[in-house]
Structure formats: structure tokens, C-alpha cells
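Take a look at the structure below.
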Amino acid sequence: MDQHQILINRDQIESLQIETDKQRAEIDALKEQSENIDLILEKISALEAKHK
């Protein structure tokens with residue numbers, strides 16, 4: 001592998017690492033939203049149980 005290809009590969013790896021970090025952050029945000037939705041659904045269920 002020549003020096004130029006090594007540099008290209010290094011740049012691609014860095015780009016992929018940045019993209020991976022972004023996706024991990026998005027996943028973490030979605031997990032948090034999911035947990036919030038679960039809490040809301042639990043509260044709704046509790047309210048429904050009270051009103052029966």
C-alpha cells in the first residue's frame with residue numbers, strides 16, 4: 001500500500017469514527033425519549049386504573 005492510500009484510509013477511518021460517534025449520540029437520545037414515553041404510558045395506566 002502506498003503512502004497516498006494510507007492517508008486516504010486514515011481519513012476514511014476518522015470520518016467513520018465521527019459518524020459512529022454521532023450515531024451513538026442519536027441512539028442515546030432515542031433511548032432517553034423511549035424511557036420518557038414508557039414513564040408517560042405508566043402514568044396514563046395508573047390514571048386509568050384510578051378512574052375505573
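Note that the coordinates shown come from a computational prediction; the quantities given were computed from them, not determined experimentally. The residues of the chain are indexed from 1 along the displayed sequence.
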For Glu19, all residues meeting side chain to side chain contact (heavy atoms under 4.5 Å, CB included), sequence neighbours excluded: Lys22, Gln23
For Lys50, all residues meeting side chain to side chain contact (heavy atoms under 4.5 Å, CB included), sequence neighbours excluded: none
Under the salt bridge (Lys or Arg N to Asp or Glu O under 4.0 Å) test, residues paired with Asp21 that sit two or more places apart: Arg24
Leu30 CG to Ser34 OG distance, which is reported to the nearest 0.5 Å: 8.5 Å
Which donor-acceptor pairs under 3.5 Å do the side chains of residues 6-16 make with protein atoms, sequence neighbours left out?
unit_1, atom_1, unit_2, atom_2, d
Asn9, OD1, Gln5, NE2, 2.9
Ser15, OG, Asp11, O, 3.1

Within residues 30-45 or reaching into it, pairs that qualify as salt bridge (charged side-chain N to carboxylate O under 4.0 Å, His left out) - sequence neighbours excluded: none
